[in-house]
**Q** 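Handing you a structure now.
We name chains A, B, ... by the order of the sequence lines, and we start the count at 1 in each one. Remember, it's a predicted structure, so these values are computed and weren't measured experimentally. What you see below is based on every heavy atom in this structure, not just the backbone, and it leaves out hydrogens, waters and symmetry mates.
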Number of protein chains: 2
Amino acid sequence: MIDLGRLRALHAVARYGSVNRAAEVLGYTPSAVSQQLAKLERETRTTLIERQGRGIVLTDAAQQLAATAARILELVEDAELTLEEQRGEAIGTLRIAAFPTAARGLLPAALSRLIDEHPGLDVRVDETDPFEAVAAVNRGEVHIAVVHDWANTPLALPEGLARVKLGSDPADVLVPASHRLAGKEFVRAEDLVGERWICQIPGSICHEWLMRTMRRAGVEPDVAYSVAEYQTQLAMLARGIGIGLLPRLGRGPVPDGVVAVPLQPAPSRRIYAVWREIAARRPAIAVTLSTLKQVWPDRSTA
Amino acid sequence: MIDLGRLRALHAVARYGSVNRAAEVLGYTPSAVSQQLAKLERETRTTLIERQGRGIVLTDAAQQLAATAARILELVEDAELTLEEQRGEAIGTLRIAAFPTAARGLLPAALSRLIDEHPGLDVRVDETDPFEAVAAVNRGEVHIAVVHDWANTPLALPEGLARVKLGSDPADVLVPASHRLAGKEFVRAEDLVGERWICQIPGSICHEWLMRTMRRAGVEPDVAYSVAEYQTQLAMLARGIGIGLLPRLGRGPVPDGVVAVPLQPAPSRRIYAVWREIAARRPAIAVTLSTLKQVWPDRSTA
DNA sequence: GCCATCACTGTAGGAGCGCTAAATGATCGA
DNA sequence: TCGATCATTTAGCGCTCCTACAGTGATGGC
């Protein structure tokens, strides 16, 4: 009877289009995958792959076999999930992909609690941007993704993925203590026209929000200083050479010489946990999701 | 990921109710099956089997797992069949169970032709009575069963099994050359009242037909001589101490001193080939079925 | 047109798995 | 209580599968 390992290899090759990528995903060397395919060909006495240029293509028979292999592997995974569900223990490896701010501001609390309450759980974290994180969940390489979106460009999820909103992450304007806005209760976007910005690199919430909001208002923001580190940003702010924007999540208390002023309306970046719907039967995933929800720092008053 | 071998072991144990029988069917020692189950328990961290007396019982979790294992194995088998079908060659092992007369009178011709035309085919034959042969096909232990039934007690097949009629096997009355019926063109059942019978052991067509037909006519047949071997039966017949009944299938020419007289109506034992419906996609099975049909000795005139 | 690179394949060798055989444990029937 | 029947445990052997490394053929930059 056909070996499952061979089917996994074929399925991965069919899915990722190359022996190398399949091997990478499976955690093997390309040689191992190649040998598995060769053996599968010998055992089934069927040509499954053909070389094309530097790569390979699957024959029709292989495509078909890969399709049923997918169903078989799904059933096997389902059986494993059912067993784990029946056992009810949160156990095994759980991989989380989170964007940097969440990795810093949300995961430490969640992780320490998970490790305390579920010693059998081996949690791994990868810092990944939201787009890639969702793709990784969809491919099954990661169990949970912590991602964000903006109210005006809501996150679209592939079929089969579910999400729960953990909360919103408001961002404040950081200004030097001597700044004209330092004493205000809140500021509006239009108050910020003409300012020089100290932003973290493109992809940061500062950059994102500036571009989204200011441009919509018809103003091109002046990002004079683009820095990589939060500490650099703070040092510049303290010198009074510009202002910044920073999410509260994962931000420590602002140092002397810098003041955080809430924005009105607050930049509404929403944070979600995303997972494969069927995988939620795994207790490990269920407890992690619930822990993430519980440790969300409720700073509605902050 | 769960190993297929473990699932096969569990499935077999669930199906046959004991480690020993499962091992026998799988072609392993009980030790191997026991070890597989133990490993499956360790890997899934789930209790799957419990000892009960000398045997075992499966837990609920195991029952459920075995059920999905059945679906998985079915898919795997299906995938293999598809590959073989696509390849189109009759190849691999093919197991036939046949009742003794067919094994002697029908299979030799079929086998020699199969071996000639399909060198890749490894045909195995087991002489088995029809009831057991059908059960073996249903369990998947045998691919094709050659069986018979009587017109008044038609063969009932379990779901999923198919059959084709190969032909009818008429039986003649064998009488000594000196017998009063020796010159007749045919004889009727009522002509045979009062005769002493030389029969092969219970289960033979002679015995079966005598009991079925004579008793229906209200006559208890007198089986004076019950022998095991055809040659013995012939020797007795030649001495004129009784008469016999023998199917034409697998019977050689009758020796001097013995005459075959057709019965009217002929005992209508019908011969079928039986197979699992889904397995007919296998070229090996398809060609064997067609060969069996082709080599059926057409003796409508004999 | 040559060489660097990329992708897959082949080979040798070592680690680990899964099987068998034989002994052991547990239970049932006589 | 003894023998028979099932299942399990242990030791050990063979085989499989993986990695490391070398090799082959196609591609593309220069």
Side-chain angles (χ1 to χ4, degrees), chain A residues 1-59 61-63 65-66 69 72-73 76 80 93, chain B residues 1-59 61-63 65-66 69 72-73 76 80 93:
Chain A
M1 181 158 293
I2 293 183
D3 182 67
L4 254 201
R6 315 239 200 281
L7 290 185
R8 293 226 299 157
L10 178 67
H11 175 243
V13 169
R15 180 156 191 183
Y16 296 106
S18 90
V19 174
N20 273 340
R21 285 224 51 205
E24 192 186 340
V25 172
L26 295 174
Y28 292 143
T29 57
S31 177
V33 173
S34 182
Q35 289 177 63
Q36 290 285 5
L37 293 178
K39 281 167 190 158
L40 188 55
E41 287 197 310
R42 244 176 289 141
E43 286 162 1
T44 60
R45 295 186 198 79
T46 305
T47 303
L48 295 173
I49 49 185
E50 280 163 355
R51 300 215 51 160
Q52 187 177 71
R54 287 196 288 208
I56 50 158
V57 287
L58 273 67
T59 63
Q63 301 271 10
L65 182 56
I72 291 167
L73 295 170
V76 171
E80 287 178 318
T93 301
Chain B
M1 182 158 293
I2 293 182
D3 183 66
L4 255 201
R6 315 238 201 280
L7 290 184
R8 294 226 300 158
L10 178 67
H11 175 242
V13 169
R15 179 155 192 184
Y16 296 106
S18 90
V19 173
N20 274 341
R21 285 224 52 205
E24 192 186 340
V25 172
L26 294 173
Y28 292 143
T29 58
S31 173
V33 174
S34 182
Q35 290 177 64
Q36 291 284 7
L37 293 177
K39 280 167 191 159
L40 188 55
E41 286 197 311
R42 244 176 290 141
E43 286 162 1
T44 60
R45 296 187 198 77
T46 304
T47 304
L48 294 173
I49 50 187
E50 280 162 356
R51 302 216 46 161
Q52 188 178 69
R54 286 190 291 203
I56 50 160
V57 287
L58 273 67
T59 63
Q63 301 271 9
L65 182 57
I72 291 167
L73 295 170
V76 171
E80 286 178 318
T93 302

**Q** Calculate the interatomic distance between A:Asp3 atom CG and C:dG18 atom C1'; express it in whole Å.
**A**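 Between C1' of C:dG18 and CG of A:Asp3: 13 Å.
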**Q** Heavy-atom nearest nucleotide on DNA chain D for B:Val33 versus A:Val33: which residue maps closer to 5'?
**A**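 It is B:Val33 whose nearest nucleotide is closer to the 5' end.
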**Q** Once rounded to the nearest 0.5 Å, what's the spacing between atom CZ of B:Arg21 and atom CG of B:Leu26?
**A**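 Answer rounded to 0.5 Å: 11.0 Å.
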**Q** Looking only at the side chain of A:Ala32 (C-beta and beyond, no hydrogens), which of the listed nucleotides D:dC18, C:dC8, D:dA7 gets closest?
**A**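 The listed nucleotide nearest to A:Ala32's side chain is D:dC18.
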**Q** Rounded to whole angstroms, how far apart are CG on A:Leu4 and P on C:dG18?
**A**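 Value for this atom pair: 13 Å.
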**Q** I need the CG-C1' distance between B:Asn20 and C:dT27, as an integer number of Å.
**A**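 It works out to 14 Å between those atoms.
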**Q** Drop me the distance from A:Leu58's CG to A:Leu10's CG, to the nearest 0.5 angstrom.
**A**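 One finds 5.5 Å between CG of A:Leu58 and CG of A:Leu10.
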**Q** Could you give the CG-to-P distance, from B:Leu26 to D:dA7, as a whole number of Å?
**A**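 Going from CG in B:Leu26 over to P in D:dA7 covers 13 Å.
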**Q** Between P on D:dG23 and CZ on A:Arg51, what's the gap in Å once rounded to a whole number?
**A**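 Distance check: A:Arg51 CZ to D:dG23 P gives 17 Å.
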**Q** How many whole angstroms separate atom CD1 of B:Ile56 from atom P of D:dT9?
**A**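 Atom CD1 in B:Ile56 sits about 13 Å away from atom P in D:dT9.
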**Q** Pick base, sugar-phosphate or nothing for A:Gly17, based on heavy-atom distances below 4.0 Å to the nucleic acid.
**A**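 Nothing, no heavy atom under 4.0 Å.
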**Q** For D:dA7, does the base pair up with any side-chain atom of B:Ser18 as donor and acceptor (N or O, under 3.5 Å, distance only)?
**A**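 Under the 3.5 Å cut-off, the side chain and the base do not form any donor-acceptor pair.
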**Q** Kindly indicate whether the side chain of A:Gln36 and the base of D:dC17 share any N or O donor-acceptor pair separated by less than 3.5 Å?
**A**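 It does not, because no donor-acceptor pair links the side chain of A:Gln36 to the base of D:dC17 below 3.5 Å.
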**Q** Classify the side chain of B:Gln52 versus the base of C:dT27 as yes if they form a donor-acceptor pair under 3.5 Å and no if they do not.
**A**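 When only heavy-atom distances are counted, B:Gln52 does not reach the base of C:dT27 through any donor-acceptor pair under 3.5 Å.
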**Q** Please report the closest heavy-atom contact between A:Val13 and A:Val19, naming both atoms and the distance.
**A**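 The pair with the smallest heavy-atom distance is CG2-CA, 4.3 Å.
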**Q** Mind calculating the distance between CG (A:Leu10) and P (C:dC8) to the nearest angstrom?
**A**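 To the nearest whole Å, that distance equals 14 Å.
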**Q** Respond yes when some side-chain nitrogen or oxygen of A:Lys39 is under 4.0 Å from OP1 or OP2 of D:dC17, and no when none is.
**A**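 So the side chain of A:Lys39 is within the cut-off, an N or O lying under 4.0 Å from OP1 or OP2 of D:dC17.
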**Q** Would you say B:Arg54 places a side-chain N or O within less than 4.0 Å of OP1 or OP2 belonging to C:dG25?
**A**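 For C:dG25, neither OP1 nor OP2 has a side-chain N or O of B:Arg54 closer than 4.0 Å.
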**Q** Side-chain contact, heavy-atom cut-off 4.5 Å: A:Thr44 with B:Glu80?
**A**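 A:Thr44 does not reach B:Glu80 side chain to side chain.
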**Q** Contact class for A:Arg6 vs. all strands (heavy atom < 4.0 Å): base, sugar-phosphate, or nothing?
**A**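 Here A:Arg6 touches the backbone only, sparing every base.
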**Q** Return the 5'-most residue of the pair B:Thr29, A:Gly55 with respect to DNA chain C, ranking by each residue's nearest nucleotide.
**A**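 In this pair, the answer is A:Gly55.
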**Q** Rounded to the Å, how far apart are B:Leu37 CG and D:dA7 P?
**A**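 Distance, rounded to whole Å: 10 Å.
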**Q** Between D:dC21, D:dT9, D:dT8, spot the one nearest the side chain of B:Ser31, thanks.
**A**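 My answer, after comparing the listed nucleotides, is D:dT9.
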**Q** What nucleotide, of C:dC8, C:dC19, C:dG25, holds the atom closest to the side chain of A:Val19?
**A**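 The answer is C:dC8, which lies nearest to the side chain.
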**Q** Any non-hydrogen side-chain atom of A:Leu48 less than 4.5 Å from a side-chain atom of A:Leu37?
**A**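 Sidechains of A:Leu37 and A:Leu48: no contact.
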**Q** Has the side chain of A:Ser34 got a donor or acceptor atom sitting under 3.5 Å from an opposite partner on the base of C:dG10?
**A**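 Absent.
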**Q** Which value, rounded to the nearest 0.5 Å, describes the distance between B:Glu43 atom CD and B:Asp3 atom CG?
**A**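 So the gap between those two atoms works out to 7.5 Å.
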